[in-house]
Amino acid sequence: AAVVEHTFVVSQMNMRHLCTDTLVTVVNGQLPGPVINVTEGDSVVVHVVNRSPYDITIHWHGVKQMRNCWADGVPMITQCPIRPGNNFTYQFSVDGQEGTLWWHSHVGGLRATLHGALIVRPRQGAASYPFRRPDGEIPIVLGEWWQQMDLVQLERNLAGGNFNYSPSAATLNGKLGDLHYGCSGAMEEGHVLDVDPGKTYLLRFINAVLVSEYYIKIAGHRFTVVAADGNYVNPYTTDTIAIAPGQTVDALLTADTSPGMSYYMVAMAAQPTVIVPPFPVTMTRGVVRYPSSSGAPMVPAMPGTHDTDTSFHFHGNLTGLRRSPVPTRVDERLLVTLSVGSMCRRQGQTTCARTSADTIIMVNMNNVSFQLPAGATSSLLEAHYGHSSMSAMGLATLPDRPPVAFNYTDPALVQRGPREAWLEPTTKATTARRFRYGSVVEAVFQNTAVMQTDSNPMHLHGHDMFVLAQGLGNYDQARDVARYNLVNPPVRNTVLVPSLGWTAVRFIADNPGVWFLHCHYQFHASVGMATVFIVEDGPTVGTSLTPPPANFPKCT
Ligand code: C2O
């Protein structure tokens, strides 16, 4: 096993798109940032040099960090952030995982420009892929361009109940594409993928956007999906890929259509999450180009805006390739509503007028909106490692189920909206759940109608989840367990909970530490759709959290 070493200099620079300079925070002057290529079993060392004006952390999305929660990179959950002008070196190894993972800053909206691919290849080389050996491999990062928008300020607006936001464009590997115009009518450059006829390419898609699931299509071609979130799936052939924020999809593309032509690769927001009209369709076009092609590229027919069926079927059709033994015993069961509620603006008040002056809209899980403990002097992980109790850490227990049962997917709730659909007032707290080492946890995430059209990509740090089933409507345990796939469920670190529906997962809490669980729509997470799972140390050697690294950042 090798040591893969990188230096990430985080700094601000101007980038020009749509004929306007925008100040962005990037790694090594690149957007997307550098690709980290490793072989399974390698150690990774990344020296982060913070020359930006912000507090920074880097999270290695999908890397399990077994017993090494210290390198997980979540501000105030696992570490104090790296202050401006300071450095920190992340060290971890990538064991027992193969495929496409990625890295991103975990500091609010900065993720929009601080991200890149982390690719893990098998030890025996590409010949050992459980699918036809590709002739080329191409990481494709799906991003968004937020023009002249201070993403740190945007998050503050959200916390104050102002949900007025929208990206200016989608991007493929940082390119906006020809649907967008730069100065004096010139079209923006799109991402170009040059292919040779008859060859097969492994496209490694990463959805790094802040706010929407996307559909990806290439005119005249089909994909064979072979992996998702760094876990192999049974080959699944489709013309449309559905990919939610935080997710990765590896797909084979064979250049088997008429040469001498080019074909658009289109990525389009599947469910625009913009609440305030106008609802722009966020879209980008790249080009798949055959040698000596001429003429305008062929355009694919995209699913309609607000088409949720295509997403539901894509996710429902995936099955895991390696038949991992799904535990049949369940030690802990959670039903978690992902919802929008409201609370009185004035502290201590429990009844107030349903006006924007008096009530504030809060995103929540089981009616509790997550917030970090105020004035903490260390991360929760350091407090936990020092044997603090949950209450000493300022933590409240995440309820096992919603406080009131109601018809979660009643269309009437959509009509009433979050302010009127009071249901039960939301509260704010730093919630967590503690799990004994080795517990089997089943969690059902229930999306509620007050989410309007949003689906929720739920991401668990430090663990992969067996995705047992998804459904539309209200989850009903007695009825729905019969639909669980306990034979070959897909294994993912980010599961999509369909709008007006639910998703059931199981995971084994075998990685001691303090792990964030949150919606990967940045703006859901930043206003409370999050909680913390604390996994206790195991009883035997090699089952406990290791000591913190040297030079761990301090909060003061
Ligand atoms: Cu990709 Cu908690 O993040």
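Both ligands and their constituent atoms are indexed starting at 1 by order of listing. Remember, predicted model here, so these are calculated numbers, not experimental data.
- When the options His106, His61, His461 are evaluated for a side chain to side chain contact (heavy atoms under 4.5 Å, CB included) with Asp72, the one that passes is His461.
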Quick one: side chains of residues 434-441, donor-acceptor pairs under 3.5 Å with protein atoms, not counting sequence neighbours, listed by atom name and distance.
{"residue": "Arg434", "atom": "NE", "partner": "Glu536", "partner atom": "OE2", "Å": "3.0"}
{"residue": "Ser439", "atom": "OG", "partner": "Arg436", "partner atom": "N", "Å": "3.3"}
{"residue": "Ser439", "atom": "OG", "partner": "Arg436", "partner atom": "O", "Å": "2.5"}

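- Taking the centre of each ring, Phe370 and Phe516 come in below the 6.0 Å mark.
- Residues Asn456 and Asn447 bring a donor and an acceptor atom of their side chains to less than 3.5 Å of each other.
- If you look at atom 2 (Cu) of ligand 1, the protein N, O or S atoms less than 2.8 Å from it are His106 NE2, His461 NE2, His518 NE2.
- Contact between Asn173 and Pro32 at its shortest, heavy atoms only, is C-CD, 3.4 Å.
- The aromatic rings of Phe8 and His6 stand perpendicular to each other, their planes meeting at an angle above 60°, with 30° marking the opposite boundary.
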